[in-house]
Amino acid sequence: MPYKFLLQIAKNKQYDMHTEITTLKQEKNPVSSAEEWMLGLKRGDFLKRGVEPETFQNVDGDHSSLVRDDEFTFQGLRHTVTARHLVEAKLLDMKTIEQLRLGLKTVEEVQKTLSKFLTKATSIAGLYLESTKEKISFASAAKKIIIDKMIALAFLEAQAATGFIIDPISGQTYSVEDAILKEVIDPEFRIRLLEAEKAALGYSYNSQTLSVFQAMENRVLDRQKGKHILEAQIASGGIIDPVRGIRVPPEIALQQGLLNNAILQFLHEPSSNTRVFPNPNNKQALYYSELLRMCVFDVDCQCFLFPFGERNISNLNVAKTHRISVVDTKTGAELTAYEAFQRNIIEKSTYLELSGQQYQWREATFFESYGHPSHMLADAKTGLQFNINEAVEQGTLDKAFVKKYQEGLITLTELADSLLSRLVPKKDLHSPIAGYWLTSSGERISVLKASRRNLIDRITALRCLEAQVSTGGIIDPLTGKRYRVAEALHRGLVDEGFAQQLRQCELVITGIGHPVTNKSMSVMGAVKANIISKEMGIRCLEFQYLTGGLIEPQGHSRLSIEEALQVGIIDVFLATNLKDQKSYVRSIICPQTKRKLTYKEALEKADFDFHTGLKLLEVSEPLMTGISSLYYSSQ
């Protein structure tokens, strides 16, 4: 196999959009210098640092018997929780306990480190009004008829089920009863919210307090409703253990009997767990995790707000390196997470959470056919890849910054964001449609992959591939590199069916030799000699014309219609047809509207990718189910 790909990662256990600091793990990595690694002398060293320091780390073994009940106490979701309980839940290790005993750490410091699992407001607190850059609670938004009352109730129920009611104006958190007393929410919501709050406080059953999963198993709670709650709890920090009054990560919840593998595995499978949380902008039903990824973080109340309006500030954009994910409602500032972190507006843990919504960076090593390794930054979500060596040589990555990463002084996320912040987005004005990108995740996918995932039809895929071949080769949208059909087949960019149809098309760019004289022929000459079909020839020339000019096979230079006429590549009849846009065939189906488009119209709808400079078409994953109901629909 002439091309190998090895991806070595130390997996960061992220079951959803958030992770939190609980322990700081600095792996010792004795790399003498960044220069040595750049020269390939330390090629294994770069792969040793796959784990971000700011991530949750499991604690092996049960050491709770070594901690006294009254030794240290912390504030939990609703009541105090002992250090012993936290050790039982594997949120605290014995090393931290010893540091507390020796006075090397304070209870306050550990409390802050564990805030995601104890006291932090992690659900969606309210709306961010994009037109005025103001925030508003869901209850107030419903009163002002900005959103429907049922939508407001769905979000308030999600708050109650994931910990507490949040006042986005002050950032304060309340129980349902206290929120009503403080007039944060309306009394009319009381019964529904108290029912939702049981997910955080526990369900009473035979003198026992049951978690959501346990209530489902004992048929105290409707199973489908329980799945919606569990999905929201995991998305917003972890499964709630109502007895201890804490959140725990999914892997710990499995061990503690607060969850089972079957539910965890299918929480985001529409056939098992439908989307029911409404998008306030269009009422489309989504998973709670999907809504959270669309939120912005307000530095004033330290809460997540859902952007409401037509500006779509938090949407992923293929033309921009980062989306807006931090707002300061006091000043009206709208920033990326990296900008906010660089300006010391948000803490590092918050920055890593927010950055993790868009990217999930890993280290990778690519081995080309000659066996030389290329050290890469690869993003698991979008498919973006950056060659570290090339980035340093081009000045988009500081060599000193790489050294800091190797020494454990900065995280992989910071290294990647530093590169992205220095990247100058480019545009290849001769680009055909190089592939597709998913609006939900920002993932870049090849034409073949889009076809296999039923995002586009086979004919649309073939026409897009023909355009790529006609203008220089099959494109890998992750790297921007082009390949001949045979190599593209080997790399999985086309399948055998496409390859057979594209080989004739490839003659247009490689040059067509006369079968008798072996002299180079024009496309129209090849059509007349029946070497390629007339339809194929016209399509290929049209693709070239629409992407910047007809390509002269020998020099591969772009020619205008007039220049092509002069050198005999086309005749007057074909020149007239190429200029007549009404003659263009509508052979591309728009992945968004499902309307038939000409290739010219498809090109106009495409956006330039900030990474490769090539054009990508936006596409959405098909929803497997329709909108069934709001969050807690009545039975």
Side-chain angles (χ1 to χ4, degrees), residues 77-78 119-204 212 221-222 225-226 228-229 232-233 235-236 240 242 276-286 288 291-292 294-296 298 300-309 327 329 627-635:
L77 291 174
R78 294 298 180 82
T119 57
K120 194 171 182 180
T122 53
S123 56
I124 303 170
L127 295 177
Y128 175 70
L129 304 179
E130 292 182 329
S131 58
T132 60
K133 297 189 176 184
E134 296 174 311
K135 57 187 171 183
I136 187 172
S137 69
F138 290 111
S140 296
K143 275 185 181 178
K144 295 180 180 181
I145 320 179
I146 295 173
I147 59 173
D148 293 345
K149 187 179 291 185
M150 289 303 293
I151 290 179
L153 179 59
F155 277 90
L156 290 172
E157 286 176 321
Q159 287 182 18
T162 57
F164 19 63
I165 300 296
I166 307 166
D167 179 2
I169 308 303
S170 65
Q172 292 294 311
T173 56
Y174 302 96
S175 66
V176 171
E177 294 288 14
D178 286 346
I180 293 172
L181 287 174
K182 296 283 186 180
E183 299 183 346
V184 175
I185 54 175
D186 296 329
E188 65 174 304
F189 294 147
R190 183 175 182 273
I191 295 175
R192 293 283 291 268
L193 294 184
L194 285 174
E195 180 62 29
E197 192 176 38
K198 291 178 183 178
L201 298 178
Y203 298 83
S204 296
V212 173
L221 175 65
D222 175 76
K225 188 180 289 186
H228 301 326
I229 298 172
Q233 286 189 351
S236 55
I240 292 179
V276 295
F277 294 97
N279 179 336
N281 286 303
N282 55 23
K283 300 183 181 180
Q284 179 188 7
L286 299 171
Y288 200 73
L291 290 171
L292 270 168
M294 298 165 69
C295 285
V296 291
D298 178 25
D300 178 33
C301 71
Q302 295 287 298
C303 296
F304 290 99
L305 303 174
F306 191 88
F308 185 82
V327 296
T329 48
I627 298 175
S628 56
S629 64
L630 292 181
Y631 180 55
Y632 278 105
S633 59
S634 55
Q635 298 299 309

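All figures in this text were calculated on a predicted structure; none of them were measured in a lab.
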_Checking side-chain polar atoms at under 3.5 Å, does Thr132 have a donor or acceptor matched by the opposite partner on Glu134?_
yes

Heavy-atom distance under 4.5 Å between the side chains of [X] and [Y], does that happen here?
| X | Y | answer |
| --- | --- | --- |
| Leu305 | Pro168 | yes |
| Lys135 | Cys301 | yes |
| Ser137 | Val184 | no |
| Leu286 | Met294 | yes |
| Val212 | Ile240 | no |
| Leu153 | Leu193 | yes |
| Phe189 | Val176 | no |
| Ile165 | Thr173 | no |

Quick one: [atom1] on [X] to [atom2] on [Y], what's the gap to the nearest 0.5 Å?
| X | Y | atom1 | atom2 | result |
| --- | --- | --- | --- | --- |
| Glu188 | Ile180 | CD | CD1 | 10.5 Å |
| Ile136 | Phe306 | CD1 | CZ | 15.0 Å |
| Ile124 | Ile166 | CD1 | CD1 | 9.5 Å |
| Met150 | Glu157 | CE | CD | 7.0 Å |
| Gln172 | Asp178 | CD | CG | 11.0 Å |
| Asn281 | Ile147 | CG | CD1 | 10.0 Å |

[X] side chain to [Y] backbone, donor-acceptor under 3.5 Å:
| X | Y | answer |
| --- | --- | --- |
| Asp186 | Ser140 | no |
| Thr122 | Ser236 | yes |
| Arg78 | Ala200 | no |

*Could you walk me through whether Ser123 and Phe164 pass the side chain to side chain contact (heavy atoms under 4.5 Å, CB included) test, one step at a time?*
CA-CA 9 Å; Ser123 56; Phe164 19 63; over 6 Å; no

Check [Y] with [X], please: is the shortest side-chain N to carboxylate O separation under 4.0 Å?
| X | Y | value |
| --- | --- | --- |
| Lys283 | Asp148 | yes |
| Lys182 | Glu177 | no |
| Glu130 | Lys133 | no |

Which pair of heavy atoms, one from [X] and one from [Y], lies closest together, and at what distance?
| X | Y | value |
| --- | --- | --- |
| Ala141 | Leu127 | CB-CD1, 3.8 Å |
| Phe277 | Ala232 | CZ-CB, 4.0 Å |
| Cys303 | Gly171 | SG-CA, 4.1 Å |

*Once the angle between the rings of Phe138 and Phe155 is folded into 0 to 90°, is it parallel (under 30°), tilted (30 to 60°) or perpendicular (over 60°)?*
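If you compare the ring of Phe138 with that of Phe155, the planes turn out parallel.
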
*Do Asp298 and Tyr128 pass the side chain to side chain contact (heavy atoms under 4.5 Å, CB included) test, and can you show the C-alpha distance, the side-chain angles, and the key distance before you say yes or no?*
CA-CA 9 Å; Asp298 178 25; Tyr128 175 70; over 6 Å; no

*Under the side chain to side chain contact (heavy atoms under 4.5 Å, CB included) criterion, do Ile229 and Leu221 qualify, and how do the steps go?*
CA-CA 11 Å; Ile229 298 172; Leu221 175 65; 4.1 Å; yes

*asked:* With side chain to side chain contact (heavy atoms under 4.5 Å, CB included) as the criterion, how do Gln159 and Glu197 come out once you've worked through the C-alpha distance, each side chain's angles and the decisive distance to 0.1 Å?
replied: CA-CA 8 Å; Gln159 287 182 18; Glu197 192 176 38; over 6 Å; no

